[in-house]
Amino acid sequence: MEAKNSNFFESIGSFFSGGDQIPWCDRDIILGCEREITENGNDTSDEAKNESIMRLSWALVHSRQPEDVQRGIAMLEASLAGALTPLQKREKLYLLSVG
């Protein structure tokens, strides 16, 4: 019984101590996502554009730079109303919470 209690309190302690790590994104990845969007331009389908924008939003909210995070949040808020499926809406809400 004591071992179970010990494991329980260790798991709670690791939860509150921030044991999980947020995957940080550097400026090169953000620039690559931006380049992908500009290179594709109007030649791609709406679905491909949305995927590129989601990748850029993901990179922005995972940046260590506050201005990048704010930009990602603004992009996600603007695109939230256009979410076509519940999954897309859930992904955008998740990224907003990360930001």
Side-chain angles (χ1 to χ4, degrees):
M1 180 72 169
E2 187 175 316
K4 287 183 181 180
N5 286 340
S6 175
N7 288 340
F8 174 73
F9 289 115
E10 285 178 22
S11 66
I12 289 177
S14 67
F15 175 78
F16 287 109
S17 67
D20 292 335
Q21 299 293 321
I22 293 179
W24 295 110
C25 194
D26 63 3
R27 197 72 191 129
D28 294 335
I29 295 172
I30 294 170
L31 291 173
C33 292
E34 290 172 338
R35 191 176 315 115
E36 176 187 345
I37 291 172
T38 56
E39 286 175 357
N40 291 340
N42 294 330
D43 298 339
T44 60
S45 67
D46 286 341
E47 184 178 337
K49 286 180 193 175
N50 288 337
E51 288 177 12
S52 296
I53 290 171
M54 281 299 292
R55 277 192 290 277
L56 176 59
S57 299
W58 186 95
L60 288 169
V61 298
H62 285 87
S63 173
R64 292 181 187 258
Q65 304 301 317
E67 59 273 5
D68 289 339
V69 175
Q70 290 301 318
R71 190 171 142 219
I73 290 170
M75 287 176 65
L76 289 163
E77 287 175 341
S79 68
L80 189 59
L84 302 175
T85 66
L87 178 61
Q88 288 176 346
K89 186 172 187 174
R90 188 170 52 238
E91 288 174 341
K92 291 177 183 190
L93 288 172
Y94 170 76
L95 288 175
L96 279 169
S97 67
V98 170

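The first residue in the sequence is number 1, and the count goes up from there.
A salt bridge (Lys or Arg N to Asp or Glu O under 4.0 Å) check over residues 65-75, counting only residues at least two apart or in different chains, returns the pairs Arg27-Asp68, Glu34-Arg71. Judged as a ring pair (Phe, Tyr, Trp, His ring centres under 6.0 Å), not a single pair has a partner in residues 72-93 (not counting sequence neighbours). Counting only residues at least two apart or in different chains, ring pair (Phe, Tyr, Trp, His ring centres under 6.0 Å) contacts with residues 30-64 comprise Trp58-His62. Sorted by first then second residue, the salt bridge (Lys or Arg N to Asp or Glu O under 4.0 Å) pairs that include residues 51-63, not counting sequence neighbours, are Glu36-Arg55. Residue pairs meeting the ring pair (Phe, Tyr, Trp, His ring centres under 6.0 Å) criterion with at least one partner in residues 27-46, sequence neighbours excluded, do not occur; the list is empty. Within the structure, no pair that satisfies the ring pair (Phe, Tyr, Trp, His ring centres under 6.0 Å) test touches residues 31-57, not counting sequence neighbours.
Taking both residues in full, the closest heavy atoms of Ser63 and Val69 are given as O-CG2, 3.4 Å, listed atom of the first, atom of the second, then distance. The minimum heavy-atom distance linking Gly72 with Leu60 is given by the pair CA-CB, 3.7 Å.
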Kindly indicate, with the supporting measurements, whether the criterion side chain to side chain contact (heavy atoms under 4.5 Å, CB included) is fulfilled by Leu76 and Leu80. CA-CA 6 Å; Leu76 289 163; Leu80 189 59; over 6 Å; no

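Between atom CD1 of residue Ile30 and atom OG of residue Ser57 there is a gap of 11.0 Å, rounded to the nearest 0.5 Å.
In this structure Ala48 satisfies the side-chain contact (heavy atoms from CB on, under 4.5 Å) test together with Thr44, Ser45, sequence neighbours excluded. Every residue was checked against the side-chain contact (heavy atoms from CB on, under 4.5 Å) condition with Thr38, not counting sequence neighbours, and none meets it.
The hydrophobic cluster of Leu31 has no other members, since no ILVMFWY side-chain heavy atom comes under 4.5 Å of it.
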Could you list the donor-acceptor pairs under 3.5 angstrom formed by side chains in residues 89-99, with sequence neighbours left out?
residue, atom, partner, partner atom, Å
Lys92, NZ, Ser79, O, 3.0
Lys92, NZ, Ser79, OG, 3.3
Ser97, OG, Tyr94, O, 2.6

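A single hydrophobic cluster is not seen to contain both Ile73 and Leu56; linkage of ILVMFWY side chains at heavy-atom distances under 4.5 Å, directly or through other members, places them apart.
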